[in-house]
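Encoded as structure tokens, the structure appears first; notes follow it.
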Amino acid sequence: MPTPVKTNASAALVGFEKFLVDNGFVKSEVLSQLQELSQKNGQDLNQLLVSQKVLEEEDLAKAKAAFFNLPYVDLRQLQVPPRVLELIPLESINFYNFVPFDLVGDSLKVAITDPTNLSALEALEFLGREQNLQLQLYMASGSSIHVVVGKKQNLKKVVGEALKDIQTKEAKEAAPAQQKKEAKPQVIEEAPIIKIVEVILSNAIEANASDIHIEPSEKDVRVRYRIDGILYTSLMLPKNVQPSIVTRIKILSNLKIDESRLPQDGRFHMEVGKKSVDLRVSILPLIYGEKIVMRILDKSTQAPTLEQLGIRGRALQWVQENIKKTHGIFLITGPTGSGKSTTLYSILTILNTTSVNIITLEDPVEYFIEGINQSQINQDIGLTFASGLRSILRQDPNVVMVGEIRDKETCEIAVHAALTGHLLFSTLHTNNSIGAMPRMIDMGIEPFLLVASVNVVMAQRLVRKICPNCRIEIPLSKLLEQEIKKNLESIPEDYFEGFDKNKLKAYKGQGCEKCGKTGYVGRYGIFEVLPVVPEIQDLVMGKASAHKIYETTLKMGMITMKQDGIIKVLRGETTMDEIIRVTTE
């Protein structure tokens, strides 16, 4: 821990005022006016500097950091791991106005607003001794500390207070059984449960999670968030609140609260800050209660470009060529959560002009794009992909997007639409692009109809991107180097931009404050694009094996998802661990 500042608060303040003037932060005449105002009204000079807009709060914190010879940290830009926040009691954090934000080994980094506060320094020293931790002090603004503390309070304090309220009510004299039964719907609407559900949802949205899992076990309830494709435990709740939480979410989703034996699906909308999100809810009965999974759909997010998605080289050229065609099918394959819908939206954004009628049929509508006619299927009233697609074709469309081809009927109508002059985009669940055509043949589509209608098939997966803030080069093992060289042999030269294939390098993220110690920030895709050219059409007509089709695609210059991933590894964009994780079948 840094040595506490050996000067009293008033002496340091005078020295700091001189420092501000000497280093051009404040003009001397302005400072004199503020000093007079401070003495007259009894206001803190630092607060006046900010409130009178002489200095921004973060600039003031930077000036303090320079004066006290401490490193500066902007906590607003960091994701502080919950396990680090738990190291110091919330009461101490609030009282002394400091907060822990990173733990490396036995070294705990703590942000503080006032290094002249000896009581705070002594409290930190005591906490460090108690937990055998070496403390490193950083300077931060009060606002940024409040951001971190607010998140901790929202998730822990609010939930804790709500649980205490519930315990108090349970401890009261039990009401007659009939009276309890009649009061049940009202209890669910009471503040404690509403607060717990609200804070679970808002924290997930603020953390850019894609899914929320609320999972019952025998003794408790686990809340997990999926962030960048990986699940993280966020909260553990007592078992007794599980029924009320489930019922609260059912009410929000307009589901049957008295049905707990059958799966249910619903959705609802909420606003968090500047974000407008839809939540798609799935409830599944398990042996210890009902499990809830909520998919978060951020309506305010704009669809990325093809280049931002990670499509490059010959693959990008083939995609661009095929989306300009006036008819045919453009298929994207991959498992759930591999980014297929996002890629489709990116393509539709390119095609979206006033001269084109674009109609979509989705489940659900994830992005809202001005100028595109978007509709959503509703199984309850019989609006399926198949029946909806029939209606869409009577709406004079140029471009049709069907969320997914799930059955023979939808597949037949899609092929018919492509053959009658429509450009149709859709998704299919297969492991790679080569497996798409055999899958459609299995659905009952004749090979001659497929080769006449399908223009291109693209397969994709999502991998996590290395954090650019803590990226370092790592050595390649001989075995891994051999594997990479083997995969590079069949890759065309136009894919080698951005790295030297004769000097192979790999990278990883060490883990820092900006990536929450994971080494990764965000995700993007790895792709394989298969254009259905005459050579491929002949093989499909002859019902050739997948291996034979694969050999032909290599001669055309197609690269597999794994090869695309390896290129991104060598460019320093992701890691080999990520490629193995998503491409191993």
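Rounded to the nearest 0.5 Å, atoms CZ (F330) and OG1 (T427) are 12.0 Å apart. Taking CZ of F527 as the start and CG of L306 as the end, the distance is 8.5 Å to the nearest 0.5 Å. Atom OG of S355 and atom CG of N398 lie 7.5 Å apart (nearest 0.5 Å). In this structure, I329 CD1 and L424 CG are separated by 5.5 Å, a value rounded to the nearest 0.5 Å. Atom OG1 of T305 sits about 9.0 Å away from atom CD1 of I311, to the nearest 0.5 Å. Atom-to-atom distance recorded for S234:OG and R222:CZ is 12.0 Å, nearest 0.5 angstrom.
Looking only at distances, no side-chain donor or acceptor of K340 sits under 3.5 Å from a matching main-chain atom of H429. With hydrogens and angles ignored, the 3.5 Å screen pairs no side-chain donor or acceptor of H269 with any backbone N or O of L279. Y225 places a side-chain N or O within 3.5 Å of a backbone atom of I200 that can act as its donor or acceptor partner. Proximity of a side-chain donor or acceptor of Q374 to a complementary backbone N or O of Q376 within less than 3.5 Å is not detected. Without hydrogens or angle criteria, H327 side chain to L423 main chain gives no donor-acceptor distance under 3.5 Å. Side-chain atoms of T430 do not come within 3.5 Å of backbone N or O of T333 as any donor-acceptor pair. Panel note: side chain Q320, backbone I323; no donor-acceptor pair is recorded below 3.5 Å. A donor-acceptor contact shorter than 3.5 Å links the side chain of Q264 to the backbone of E259. No donor-acceptor pair under 3.5 Å is formed between the side chain of T410 and the backbone N or O of F385. E528 contributes no side-chain N or O that, together with a main-chain N or O of T560, makes up a donor-acceptor pair within less than 3.5 Å.
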Checklist entry - Run the salt bridge (Lys or Arg N to Asp or Glu O under 4.0 Å) check on R295 and D211 step by step: do they pass? => result CA-CA 4 Å; R295 168 65 56 87; D211 300 87; 2.6 Å; yes

Checklist entry - For T349 and N352, what are the C-alpha separation, side-chain angles and deciding distance, and is it a side-chain hydrogen bond (donor to acceptor under 3.5 Å, both in side chains)? => result CA-CA 5 Å; T349 301; N352 185 20; over 6 Å; no

Checklist entry - For V454 and M437, what are the C-alpha separation, side-chain angles and deciding distance, and is it a side-chain contact (heavy atoms from CB on, under 4.5 Å)? => result CA-CA 9 Å; V454 179; M437 306 289 269; 4.1 Å; yes

Next on the checklist: Could you walk me through whether T384 and S387 satisfy the side-chain hydrogen bond (donor to acceptor under 3.5 Å, both in side chains) test, starting with their C-alpha distance in whole Å, then the side-chain angles of each, then the deciding distance to 0.1 Å, before giving a yes or no?
Outcome noted: CA-CA 5 Å; T384 63; S387 63; 3.2 Å; yes

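Between I257 and R248, the closest side-chain pair of non-hydrogen atoms is not below 4.5 Å. By the 4.5 Å heavy-atom criterion applied to side chains, V399 and V356 are counted as neighbours. Side-chain contact between R280 and M294: absent, with no pair of heavy atoms (C-beta onward) separated by less than 4.5 Å. Side chains of I372 and T360 form a contact here, defined as non-hydrogen atoms less than 4.5 Å apart. In this structure, Y520 and C467 have side chains that are not in contact, with every pair of non-hydrogen atoms separated by 4.5 Å or more. Side-chain contact between V197 and I194 is absent, with no heavy-atom pair separated by less than 4.5 Å. C411 places a side-chain heavy atom less than 4.5 Å from the side chain of M443. In this structure the side chain of I358 reaches within 4.5 angstrom of the side chain of L348, judged on heavy atoms.
The shortest non-hydrogen separation linking D265 to I283 is OD1-N, 4.5 Å. Scanning both residues, G337 and L462, for their nearest heavy atoms gives O-CD1, 3.6 Å. The minimum heavy-atom distance between G565 and T574, with the atom names listed, is O-CG2, 4.2 Å. Closest of all the heavy-atom pairs between S426 and G403 is OG-C, 4.2 Å. What you find for A315 and V529 is that their closest heavy atoms are CB-CG2, 3.7 Å. Across L389 and A414, no two heavy atoms sit closer than the pair CD2-N, 3.7 Å.
With respect to K195 and E198, no salt bridge is recorded, no charged nitrogen being found less than 4.0 Å from a carboxylate O. Salt bridge status for D278 with R267: present, with a side-chain N to carboxylate O gap under 4.0 Å. Electrostatic pairing of E290 and K250 counts as a salt bridge here, judged by a charged N lying under 4.0 Å from a carboxylate O. Under 4.0 Å is where a charged nitrogen must lie from a carboxylate oxygen, and between D564 and K568 at least one such pair does. Using a cut-off of 4.0 Å between Lys/Arg side-chain N and Asp/Glu carboxylate O, D363 and R406 are scored as salt-bridged. The pair R390-E409 meets the salt-bridge criterion, with a side-chain N (NZ, NE, NH1 or NH2) lying under 4.0 Å from an Asp/Glu carboxylate O.
The number of heavy-atom neighbours closer than 6.0 Å to NE2 of H213, taken from other residues, nucleotides and ligands shown, is above 12. Other residues, nucleotides and ligands contribute over 12 non-hydrogen atoms within 6.0 Å of the CG atom of D442. The 12-atom threshold is not exceeded at NZ of K256, counting heavy atoms of other residues, nucleotides or ligands nearer than 6.0 Å. For K508, the NZ atom counts as loosely surrounded, since its 6.0 Å shell holds 12 or fewer non-hydrogen atoms of other residues, nucleotides or ligands.
Side-chain contact annotation: D220 with S217, donor-acceptor N/O pair under 3.5 Å present. For the residue pair N357/N373, the side-chain donor-acceptor check at 3.5 Å is satisfied. T247 and S244 form no side-chain donor-acceptor contact under 3.5 Å, judged by distance and modelled atom types alone. In the model, E573 has a side-chain atom that pairs as donor or acceptor with a side-chain atom of Y524 under 3.5 Å. Inspection of the S338 and Q460 side chains reveals no N or O donor paired with an N or O acceptor under 3.5 Å.
For the pairing with I245, the side-chain contact (heavy atoms from CB on, under 4.5 Å) check across V223, V221, L237 returns one residue only, L237.
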